[in-house]
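Values in this document were obtained by computation on a predicted structure and should not be read as measured data.
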Amino acid sequence: MILDLGGVSTKVDAICSSQAVGQAMATKALAVAQQYVPMRTGDLRGTGKADPFKVTWGPLPYARKVFYGVGLNFRTPGTMAHWDNGMRNHVAQIAAAGEAALKRGA
């Protein structure tokens, strides 16, 4: 049996270069990540920004320290250092956002 995967890489390349798909996925990732971002005053959560295929927080002088969490005690339930790890629980939701954007013709 021969499995012809011709055209798959072209489709994957198109998905990976679609700014609309990337924006949809990043927007969903930002939304689900907020529950894991430590919160004292809300300033750090408020700096979250979604760009195609990328989510960032900051610039705040303490953002890096909070992300790595060395010597910090997080008091808000569910928050953590390396809050990107918490996002792993939501990969299906993030992928679904990208899939929906793709179906809309992104």
Side-chain angles (χ1 to χ4, degrees):
M1 174 178 177
I2 297 175
L3 179 60
D4 182 8
L5 297 175
V8 171
S9 64
T10 303
K11 182 71 170 174
V12 170
D13 288 344
I15 293 168
C16 292
S17 64
S18 169
Q19 296 296 300
V21 170
Q23 186 64 48
M25 293 176 71
T27 300
K28 185 61 172 184
L30 176 62
V32 300
Q34 293 296 72
Q35 64 188 305
Y36 301 108
V37 178
M39 180 173 167
R40 180 177 287 171
T41 64
D43 291 346
L44 182 58
R45 284 187 183 182
T47 65
K49 183 178 181 209
D51 290 312
F53 299 106
K54 180 172 77 173
V55 180
T56 57
W57 285 266
L60 291 173
Y62 58 86
R64 181 178 295 277
K65 180 179 180 179
V66 174
F67 181 78
Y68 289 105
V70 178
L72 299 178
N73 181 19
F74 301 114
R75 295 185 182 123
T76 304
T79 62
M80 62 180 74
H82 292 283
W83 52 83
D84 57 327
N85 290 334
M87 292 170 48
R88 291 182 183 155
N89 299 326
H90 305 278
V91 169
Q93 293 173 358
I94 296 167
E99 183 179 359
L102 192 60
K103 286 180 180 177
R104 287 191 303 270

### Query
What distance separates M87 CE from H82 NE2, expressed to the nearest 0.5 Å?
14.0 Å
### Message
As an exercise, state the distance from NZ of K28 to CD of Q23, rounded to the nearest 0.5 Å.
### Response
14.0 Å
#### Entry: Gap separating the CG atom of D51 from the CD atom of Q19, nearest 0.5 angstrom
9.5 Å
### Query
Is a side-chain donor or acceptor of T76 paired with a backbone partner of T79 at a separation under 3.5 angstrom?
no
### Query
R45 side chain to M39 main-chain N or O, any donor-acceptor pair under 3.5 Å?
no
### Task
Determine whether M80 and V55 fall in the same hydrophobic cluster, where Ile, Leu, Val, Met, Phe, Trp and Tyr are linked whenever their side-chain heavy atoms lie under 4.5 Å apart.
yes
### Message
With heavy-atom distances below 4.5 Å as the criterion, would you say the side chains of F67 and W57 are in contact?
### Response
no
#### Entry: Where R104 and A24 come nearest, the two heavy atoms and their spacing
NH2-CB, 4.4 Å
### Task
Quick one: do L72 and Y62 satisfy side-chain contact (heavy atoms from CB on, under 4.5 Å)? Show the steps, please.
CA-CA 12 Å; L72 299 178; Y62 58 86; over 6 Å; no
### Query
Does the side chain of Y36 reach to within under 4.5 Å of the side chain of N85, using non-hydrogen atoms?
no
### Query
Going only through I, L, V, M, F, W and Y residues with side-chain contacts under 4.5 Å, is there a path from V66 to L30?
yes
### Query
Applying the 4.5 Å side-chain criterion to the ILVMFWY set and letting contacts propagate, would V32 and W83 be lumped into a single cluster?
no
### Query
Just by modelled atom types, is the L44 backbone N or O under 3.5 Å from a matching donor or acceptor in the T47 side chain?
yes
### Query
Between L60 and F74, is there a shared hydrophobic cluster once you connect ILVMFWY residues whose side-chain heavy atoms come closer than 4.5 Å?
yes
### Query
Which atom pair, heavy atoms only, marks the closest approach of G69 to A81?
CA-CB, 3.6 Å
#### Entry: Shortest non-hydrogen contact between T56 and K54, atoms and distance
CG2-CG, 4.0 Å
